[in-house]
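One structure below.
We name chains A, B, ... by the order of the sequence lines, and we start the count at 1 in each one.
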Amino acid sequence: MEKRETKARREGLPELQNAEKGKVVLRFAPNPNGPLSFGHARGLVINSTYREMYDGEFILRFDDTDTKVKPPMLEAYQTIQEETEWLTGRKPDRVVIASDRIDEYHRHAEMMLDQGFGYVCRCSAEEFKEYRVAKTACPCRTQTPQDNLVFWKRMLNGKFKPGQAVVRVKTDMTLKNPALRDWPALRLQDTAAHPHPRPEIGSAHVVWPLLDFQSAVEDHLQGVTHIIRGKDLMDSTRKQTLLYEHFGWTYPETMYWGRVKVHEWGGFSTSQMRADIETGTYSGWDDPRLPTLAGLRQRGTQSEALRNFWLELGITQKDISVPLATLYAHNTKVIDDDAPRLTFVRHPASFTLVGDHPDSLSIPVHPNHENMGQRTWNLSSGTIWLESEDLEKMDLRLKEFADVGLHDRSAHIESMERSDKRPIVHWLPDRNATEAVLTGTKDNAVFHIEGQLEAHKHPAGTIVQLERVGYAKIVDKTTLMLCHEDLGES
RNA sequence: GCUCGUAUAGUGUAGUGGCCCAUCAUGAAGGACUCUCAUUCCUUCGACCCGGGUUCAAAUCCCGGUACGAGCACCA
């Protein structure tokens, strides 16, 4: 009987190992070389949800220690904080910027050299690779701490060019895993040619930590207790654990998730998107075709839907491929109850109403929620719009109104009550219609559909349901953005 | 090549030796409700990678194979 409890389907995320309520510290550390993407959302959602579960702390950390290969984008520091707040529903408890902490990393590098578990290596990358493969020590490995500190000062003073010297962590050249053998901790960057975009940093430093060192030291300094990240960083954990042993620290608990691919999106990289935006392939970071948070928001994806999506996937180490339909299903659940109904007649054709009918019509804003009020349509002109795709059938039921028969350009009212099984179509009196364009995406292309939109007072940003068409976001008076891909139109 | 990791329905996911002829969601098909091709509700379909072993008992433990992914960057 008690055992049924344990067998019941687990709800939400699994428990954290070694976690004490109120004492859990988590972090998410993106590179600010662009705004956040769909994949980043996983790190944000999982880590911030654990913060919630354990009443702990959540740190947003900018790992901006490369000025050349992945140069940070200045605006991203702000954007990412806003996006984090949007997605997680609150500000991070702490924000740490790695480039503000260079002195701290230098201090630890010096400790490492002084205590003899690190050394300044002057081999080239190619040379060292041979030593790594051969499992033999490079000549620099046996230098005394005194010598290492001298070389260190020379690194700091710009006496070496990038590539001429690097600080390595002494591990063991015979370790089974080649990735762990005397891994590099800090290197030189030509910050004169490639200054850091933050004006307060600029060209102030030439010795910069690599991710494994920076992240390891910072996690310790911030008291991080649990690290949950992609399994591509598993070797990172092993490297960092070796460093922690040297320093006499204890490594946080770790969990990993696998790769996620979205069927409809190929492999997008931040740098590739950046290039495509610059060449005009995409309109901006918020282009609805892009797998960025900005792009998803642009098309009306709710943060709650994104959270539910990632929580449902959980943190398995399996590499998976999911269709966008899964995300859309979550989004539909979130938005439907609040989405006012609106009529949008695509490719409209004008008809004249023939027959007796009232001058006005009242239709609920939402069929399931009377308290959302009524929309009132004005029929006095006797002219209506019908969707041209609906005209194949000559007998139609105008939704909420009347059965009509179509002859030429007129719609003859045959009955106000529903009298048979004729198809129900959406329609619009011209007095309540304005021209509008519905924008959507399909197969990485943008399409526009012209039509007549029902007059409304919803502010920009409102998610509405266009009856028989789909959910859409109101962009401005005459523009709508389709929330979910695939309309069968192009 | 070396190292590490993962393998449950179409797609995701629960399950850590007996409650499992396997959970939940999504998807597909059918139906109910509805004056939307929406929402809601109901029904049906459909899976433990392969081969050995341990055990009274294995999706669950062990070994081997296969497949897929990641790391071996002076990127993150």
Side-chain angles (χ1 to χ4, degrees), chain A residues 1 3-4 6-11 14 29-33 63-66 68-72 98 121 123-126 128-129 132-133 135 160 162-168 175-181 183-189 207-208 210-212 214-215 229-239 256 258-261 263 270-271 308-309 311-314 316-323 325-330 332-333 335-337 339 341 343 363-364 366-369 397-403 417-418 422-426 465-471 487-488:
Chain A
M1 203 58 187
K3 266 202 146 178
R4 280 199 78 182
T6 60
K7 275 289 184 180
R9 185 180 169 81
R10 199 197 73 229
E11 289 291 333
N31 181 342
N33 62 341
D63 279 355
D64 57 345
T65 55
D66 187 293
K68 188 182 173 186
V69 182
K70 292 185 175 171
C121 177
C123 302
S124 69
E126 297 71 39
F128 191 84
K129 188 174 183 181
R132 181 174 52 232
V133 172
K135 301 188 182 181
F160 290 109
Q164 292 180 337
V166 64
V167 176
R168 292 188 181 284
L175 286 171
K176 273 176 71 183
N177 188 340
L180 313 184
R181 297 172 196 157
W183 54 272
L186 302 99
R187 82 330 198 160
L188 294 155
Q189 293 196 99
V207 179
W208 286 77
L210 273 327
L211 170 79
D212 289 313
Q214 179 272 128
S215 179
R229 57 183 169 191
K231 69 174 184 179
D232 49 310
L233 264 10
M234 271 180 160
D235 281 349
S236 231
T237 295
R238 299 183 183 103
K239 288 187 212 174
Y256 309 93
R259 301 282 286 191
V260 172
K261 261 203 320 221
H263 290 172
T270 303
S271 37
N308 292 343
F309 173 87
L311 289 175
E312 182 173 67
L313 296 198
T316 61
Q317 290 188 30
K318 211 161 126 188
D319 301 312
I320 55 174
S321 184
V322 285
T326 305
L327 176 61
Y328 293 153
H330 279 111
T332 297
K333 280 199 177 70
I335 62 184
D336 184 77
D337 248 7
R341 269 46 177 174
T343 295
I363 301 172
H366 193 300
N368 305 344
H369 302 291
R397 169 77 186 171
L398 302 185
K399 188 169 184 294
E400 312 270 5
F401 182 53
D403 287 356
E417 297 306 314
R418 189 161 191 201
R422 64 181 70 190
I424 297 165
V425 301
H426 62 298
Q465 190 204 70
L466 303 176
E467 291 182 303
R468 291 183 72 225
V469 176
Y471 299 94
L487 234 198

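- A/Val166 and A/Pro184 make their closest contact through CG2-CB, 3.9 Å (heavy atoms, listed as atom of the first residue, atom of the second, distance).
- Side-chain contact between A/Pro162 and A/Lys68 is absent, with no heavy-atom pair separated by less than 4.5 Å.
- Comparing B/G71, B/G69, B/C35 by their closest approach to the side chain of A/Ala179 singles out B/G71.
- For the pair A/Arg397 and B/C35, the criterion of a side-chain N or O lying under 4.0 Å from OP1 or OP2 is not met.
- With contacts defined as side-chain heavy-atom distances shorter than 4.5 Å, the pair A/Thr332/A/Gln465 does not qualify.
- Look at B/A25: its Watson-Crick or wobble partner, with both distances under 3.5 angstrom, is B/U11.
- Under the Watson-Crick or G-U wobble criterion, with both distances below 3.5 Å, B/G17 is left unpaired in every strand shown.
- Look at CG on A/Asn177: it is 16 Å from P on B/G1, rounded to the nearest Å.
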field: Criterion side-chain contact (heavy atoms from CB on, under 4.5 Å) on A/Gln189 and A/Thr65, from CA distance to verdict
entry: CA-CA 10 Å; A/Gln189 293 196 99; A/Thr65 55; 5.7 Å; no
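- The nearest whole Å value for the distance from the NE2 atom in A/His330 to the C1' atom in B/U13 is 11 Å.
- The base of B/C75 lies close enough to the side chain of A/Lys70 for a donor and an acceptor atom to sit less than 3.5 Å apart.
- Taking every side-chain heavy atom of A/Asp232 into account, B/A76 is the closest of B/A7, B/A76, B/C75.
- When side chains are defined from C-beta on, A/Lys399 does not count as touching A/Arg468, because their heavy atoms never get closer than 4.5 Å.
- Closest to the A/Pro323 side chain, of the nucleotides B/G12, B/U11, B/C4, is B/U11.
- Counting any heavy atom pair closer than 4.0 Å across all strands shown, A/Leu233 reaches a base atom.
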Derivation of the side-chain contact (heavy atoms from CB on, under 4.5 Å) call for A/Asn177 and A/Lys239: CA-CA 10 Å; A/Asn177 188 340; A/Lys239 288 187 212 174; over 6 Å; no
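- Rounding to the nearest 0.5 angstrom, the gap separating the CD1 atom in A/Ile363 from the CZ atom in A/Phe401 is 9.5 Å.
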message: What verdict does the side-chain contact (heavy atoms from CB on, under 4.5 Å) test give for A/Asp319 and A/Lys261, after you've listed the backbone C-alpha separation in whole Å, the side-chain angles of each residue and the deciding distance to 0.1 Å?
response: CA-CA 8 Å; A/Asp319 301 312; A/Lys261 261 203 320 221; over 6 Å; no
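- Taking atom CD of residue A/Gln317 and atom P of nucleotide B/G12, one finds them 16 Å apart after rounding to whole Å.
- Among the nucleotides B/U13, B/A76, B/G5, the one closest to the side chain of A/Ile320 is B/U13.
- Rounded to a whole angstrom, the distance from the C1' atom of B/U8 to that of B/C50 is 15 Å.
- When the P atom is compared between B/A9 and B/G46, the two are found 14 Å apart, to the nearest whole Å.
- Under 4.0 angstrom from either OP1 or OP2 of B/G71 there lies no side-chain N or O belonging to A/Arg181.
- Taking atom CG of A/Leu311 as the reference point, atom P of B/G12 lies 18 Å away to the nearest angstrom.
- Of the nucleotides present, B/A70 is the one that pairs with B/U3 by Watson-Crick or G-U wobble criteria, both distances under 3.5 Å.
- Taking the side chain of A/Ser124 as heavy atoms from C-beta on, and the options B/C74, B/C35, B/U6, the nearest nucleotide is B/C74.
- Side-chain atoms of A/Thr65 lie closest to B/A76 of the nucleotides B/C4, B/A76, B/C74.
- Atom C1' of B/G5 sits at a distance of 48 Å from the matching atom of B/A32, rounded to the whole Å.
- The P atoms of B/C42 and B/C33 are separated by 15 Å, rounded to the nearest whole Å.
- B/U40: Watson-Crick or G-U partner is B/A32, with both key distances under 3.5 Å.
- Taking a pair to require two hydrogen-bonding distances under 3.5 Å in either a Watson-Crick or a G-U wobble arrangement, B/G51 pairs with B/C63.
- At whole-Å resolution of the value, NZ in A/Lys135 and C1' in B/G1 are 12 Å apart.
- OP1 or OP2 of B/C75 has at least one side-chain nitrogen or oxygen of A/Arg187 nearer than 4.0 Å.
- Across the C1' atoms, B/G52 and B/U44 are found 38 Å apart, a figure rounded to whole Å.
- Counting only heavy atoms from C-beta outward, the side chains of A/Thr326 and A/Phe309 approach each other to under 4.5 Å.
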What's touching nucleotides 38-40 of chain B from the protein side, N or O pairs under 3.5 Å?
{"residue": "B/A38", "atom": "O2'", "partner": "A/Asp336", "partner atom": "OD1", "Å": "3.3"}
{"residue": "B/A38", "atom": "O2'", "partner": "A/Gln465", "partner atom": "NE2", "Å": "2.7"}
{"residue": "B/A38", "atom": "O2'", "partner": "A/Tyr471", "partner atom": "OH", "Å": "2.3"}
{"residue": "B/A38", "atom": "N3", "partner": "A/Arg341", "partner atom": "NH2", "Å": "3.0"}
{"residue": "B/U39", "atom": "O4'", "partner": "A/Asp336", "partner atom": "OD2", "Å": "3.3"}
{"residue": "B/U39", "atom": "O2'", "partner": "A/Asp336", "partner atom": "OD2", "Å": "3.3"}
{"residue": "B/U39", "atom": "O2", "partner": "A/Asn368", "partner atom": "ND2", "Å": "3.2"}

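- A/Lys129 has its NZ atom 13 Å from the C1' atom of B/G71, to the nearest Å.
- As a whole-Å value, the separation of A/Ile335 CD1 from B/U36 P is 19 Å.
- Among the atoms of the strands shown, none is found under 4.0 Å from any heavy atom of A/Gly258.
- Across all strands shown, B/G46 forms no Watson-Crick or G-U wobble pair with both key distances under 3.5 Å.
- Distance from the side chain of A/Val322 is smallest to B/G12 among B/A70, B/G12, B/G15.
- Of the candidate nucleotides B/A25, B/C35, B/G5, B/C35 has the atom nearest to the side chain of A/Glu400.
- Comparing atom distances between the A/Ala125 side chain and each of B/C74, B/U6, B/G71 picks out B/C74 as nearest.
- In the set B/C2, B/U36, B/C74, the nucleotide with an atom closest to the side chain of A/Pro184 is B/C74.
- Straight-line distance between the P atoms of B/C68 and B/U11: roughly 16 Å, to the nearest whole Å.
- Distances shorter than 4.0 Å separate some side-chain N or O of A/Lys318 from OP1 or OP2 on B/U13.
- When each of A/Ala402 and A/Pro162 is assigned the nucleotide of RNA chain B bearing its nearest heavy atom, the one mapping closer to the 5' terminus is A/Ala402.
- The CG atom of A/Leu175 sits 15 Å away from the P atom of B/C72 (whole-angstrom rounding).
- Minimum interatomic distance between A/Leu180 and A/Asp235 (heavy atoms only, all atoms of both residues): CD2-O, 3.8 Å.
- Nucleotides B/C45 and B/A7 have their C1' atoms positioned 24 Å apart, rounded to a whole Å.
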message: Please evaluate residues A/Arg341 and A/His426 with respect to the criterion side-chain contact (heavy atoms from CB on, under 4.5 Å), reporting the C-alpha separation (whole Å), side-chain torsions for both, the decisive distance (0.1 Å), and the verdict.
response: CA-CA 11 Å; A/Arg341 269 46 177 174; A/His426 62 298; over 6 Å; no
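- Between A/Lys176 and the phosphate of B/C4, there is a side-chain N or O to OP1/OP2 separation shorter than 4.0 Å.
- Considering only side-chain N and O atoms, A/Thr316 lies nowhere under 4.0 angstrom from the phosphate OP1 or OP2 of B/G12.
- One P atom belongs to B/C61, the other to B/U6, and the distance between them is 11 Å to the nearest Å.
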